[in-house]
Amino acid sequence: MKVHFYKYQGTGNDFVMIDNRSLFFPKENQQLITSLCDRRFGIGADGLILLENTSNYDFRMIYYNSDGRQGTMCGNGGRCVVAFAKQLGIITEKALFIAVDGEHNALIDPKNEVQLQMKDVNTIDVHEGYTFLNTGSPHHIIFVDDVEAIDVKTEGAAIRYGVLYRDKGGSNVNFVERVSPTVLKVRTYERGVEDETYSCGTGVTAAAIAAFHTKITTSSPVELHTKGGNLKVLFDIEDNRYKNVYLCGKASFVFEGTITT
């Protein structure tokens, strides 16, 4: 089987993108998805995204983690699929698409800077030592003094597979350092990848909201520094509900090709 693919990255979070409007791709083939994402024997990526046709929207986004399983919402993947849709000529400056967590609006400028609207956040659970919230994917947030000193893979896996989330499908884990009242540094352990990634869009969104909610930061927007680059998160607050949440940053085309599987 020959598969034509495109490679995109958003702040180092990289994805295999496939135009599946003809529905040719065997979505049930978990091994195929895993092999395409393999960094030594495949194309290499944190995840795979299918772009499909759907009624009432510009397109549908279907996201798979690199373990081959369909995932929850991916913020950086959402920004990249908007840039992909622009490359395919499906959209120009605006997009309205549907993903696993519902509909998303997005704007994209000529430099492929994407402003992606994320889901509203109504519930934030603040505990001693950590905060938990869902921004399309579940996120465990820990604020630390020196994020560079953290063994993200080891400590993240311990929490992801630990007693808190063992019976809930696990959680992504974010270690967050306050740089200034409006700037955070974030490192993320992603479930499904089972390792630290260079960036996580839903993770930095969760970090920004959790920091504001616990008064670690003082205003919106919040700038987030990740291993793969910088992102920005904006939001409004209404009756303790976070609305008009936007994840902003560049989405970049890397290369395209055809692989025989």
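Keep in mind that this is a model prediction, so the values were computed, not measured.
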- Task: Walk me through it: do Val152 and Phe175 pass the test side chain to side chain contact (heavy atoms under 4.5 Å, CB included)?
- Result: CA-CA 8 Å; Val152 172; Phe175 301 91; 4.1 Å; yes
Nearest-0.5 Å distance that lies between atom [atom1] in [X] and atom [atom2] in [Y]:
{"X": "Asp101", "Y": "Met61", "atom1": "CG", "atom2": "CE", "value": "8.5 Å"}
{"X": "Leu50", "Y": "Phe24", "atom1": "CG", "atom2": "CZ", "value": "8.0 Å"}
{"X": "Lys250", "Y": "Asn230", "atom1": "NZ", "atom2": "CG", "value": "13.0 Å"}
{"X": "Asp239", "Y": "Asn122", "atom1": "CG", "atom2": "CG", "value": "10.5 Å"}
{"X": "Met17", "Y": "Phe253", "atom1": "CE", "atom2": "CZ", "value": "11.0 Å"}
{"X": "Ile142", "Y": "Ile150", "atom1": "CD1", "atom2": "CD1", "value": "7.5 Å"}

Can you tell me if [X] has over 12 outside heavy atoms packed within less than 6.0 Å of its [atom1]?
{"X": "Glu93", "atom1": "CD", "result": "no"}
{"X": "Asp145", "atom1": "CG", "result": "no"}
{"X": "Lys232", "atom1": "NZ", "result": "no"}
{"X": "Tyr198", "atom1": "OH", "result": "no"}
{"X": "Arg39", "atom1": "CZ", "result": "yes"}

Minimum heavy-atom separation for [X] to [Y], with atom names?
{"X": "Leu234", "Y": "Cys248", "result": "CD1-SG, 3.3 Å"}
{"X": "Ile209", "Y": "Leu133", "result": "CG2-CD1, 3.9 Å"}
{"X": "Ala208", "Y": "Thr217", "result": "O-OG1, 4.2 Å"}
{"X": "Met1", "Y": "Pro26", "result": "CE-CD, 3.4 Å"}
{"X": "Ala207", "Y": "Leu184", "result": "O-CD1, 3.8 Å"}
{"X": "Cys80", "Y": "Phe15", "result": "SG-CD1, 3.9 Å"}

- Checking side chain to side chain contact (heavy atoms under 4.5 Å, CB included) for the pair Leu88/Tyr6: CA distance, chi angles, key distance, verdict? CA-CA 11 Å; Leu88 295 176; Tyr6 301 74; 4.0 Å; yes
- Criterion ring-ring contact (aromatic ring centres under 6.0 Å, His included) on Phe132 and Tyr165, from CA distance to verdict: CA-CA 11 Å; Phe132 178 84; Tyr165 306 110; 5.5 Å; yes
Tell me if a side-chain donor or acceptor on [X] pairs with a main-chain N or O of [Y] at a distance below 3.5 Å.
{"X": "His4", "Y": "Gly257", "value": "yes"}
{"X": "Asp19", "Y": "Arg21", "value": "yes"}
{"X": "Thr226", "Y": "Gly228", "value": "yes"}
{"X": "Thr54", "Y": "Phe59", "value": "no"}
{"X": "Ser220", "Y": "Phe235", "value": "yes"}
{"X": "Ser66", "Y": "Cys37", "value": "no"}
{"X": "Asn134", "Y": "Gly136", "value": "yes"}
{"X": "Gln9", "Y": "Gly12", "value": "yes"}

- Within residues 75-86 or reaching into it, pairs that qualify as side-chain hydrogen bond (donor to acceptor under 3.5 Å, both in side chains) - sequence neighbours excluded: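 Output for this query lists Asn13-Asn76, Asn76-Arg79, Asn76-Ser199.
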- Item | Pairs touching residues 26-35 that satisfy side-chain hydrogen bond (donor to acceptor under 3.5 Å, both in side chains), sequence neighbours left out |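 Output for this query lists Lys27-Glu52.
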Going by distance alone, is a donor N or O of one side chain under 3.5 Å from an acceptor N or O of the other, for [X] and [Y]?
{"X": "Asn244", "Y": "Tyr242", "answer": "no"}
{"X": "Thr72", "Y": "Ser137", "answer": "yes"}
{"X": "Tyr189", "Y": "Glu155", "answer": "no"}
{"X": "Gln117", "Y": "Asn105", "answer": "yes"}
{"X": "Tyr8", "Y": "Glu256", "answer": "no"}
{"X": "Ser171", "Y": "His139", "answer": "no"}

Can you get from [X] to [Y] by hopping between Ile, Leu, Val, Met, Phe, Trp and Tyr side chains that sit under 4.5 Å apart?
{"X": "Val16", "Y": "Ile259", "value": "yes"}
{"X": "Phe212", "Y": "Val126", "value": "yes"}
{"X": "Phe25", "Y": "Phe5", "value": "yes"}
{"X": "Ile141", "Y": "Val173", "value": "no"}
{"X": "Leu116", "Y": "Ile62", "value": "no"}

- In plain terms, say whether Asp38 and Arg40 are close enough for a salt bridge, that is, a side-chain N and a carboxylate O under 4.0 Å apart.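 No salt bridge links Asp38 with Arg40.
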- Message: Under a 4.0 Å threshold between the charged nitrogen and the carboxylate oxygen, would Asp146 count as salt-bridged to Lys185?
- Response: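 Here Lys185 does not pair with Asp146 in a salt bridge, since their nearest N and O are not under 4.0 Å apart.
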Residues which pass side-chain contact (heavy atoms from CB on, under 4.5 Å) with [X], listed by chain and number, not counting sequence neighbours:
{"X": "Leu164", "result": "Tyr130, His140"}
{"X": "Glu238", "result": "Lys243"}
{"X": "Thr123", "result": "Asp125"}

- Message: Does the Lys NZ or Arg CZ of Lys7 fall within the cation-pi geometry relative to Phe255 - under 6.0 Å from the ring centre and within 45° of the axis?
- Response: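 Not satisfied by the 6.0 Å and 45° rule.
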- Query: Are Arg241 and Asp120 close enough, and set up right, to give a side chain to side chain contact (heavy atoms under 4.5 Å, CB included), and what steps lead you there?
  - Reply: CA-CA 7 Å; Arg241 179 184 183 189; Asp120 293 351; 3.0 Å; yes
- Item | Residue among Ile90, Ile18, Val82, Asp58 satisfying side-chain contact (heavy atoms from CB on, under 4.5 Å) with Leu51 |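 Of the listed options, the one satisfying the test is Ile90.
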- Message: One pair to check against side chain to side chain contact (heavy atoms under 4.5 Å, CB included): Asn240 and His213. What are the steps and the verdict?
- Response: CA-CA 9 Å; Asn240 222 30; His213 194 74; 3.9 Å; yes
- Item | Heavy-atom side-chain contact between Val186 and Val147 under 4.5 Å |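 No. Closest side-chain heavy atoms not under 4.5 Å.
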- Message: Could you list the cluster mates of Tyr57? Members are the ILVMFWY residues connected by side-chain heavy atoms closer than 4.5 Å, either directly or through other members.
- Response: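 Answer for Tyr57: Leu96, Ile98.
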- Message: Using the salt bridge (Lys or Arg N to Asp or Glu O under 4.0 Å) definition, which of the options Arg191, Arg187, Lys153 pairs with Glu196?
- Response: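 The single option meeting the salt bridge (Lys or Arg N to Asp or Glu O under 4.0 Å) with Glu196 is Arg187.
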- Task: Look at the aromatic rings of His104 and Phe97 and report parallel, tilted or perpendicular, splitting at 30° and 60°.
- Result: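 Aromatic pair His104/Phe97 classed parallel.
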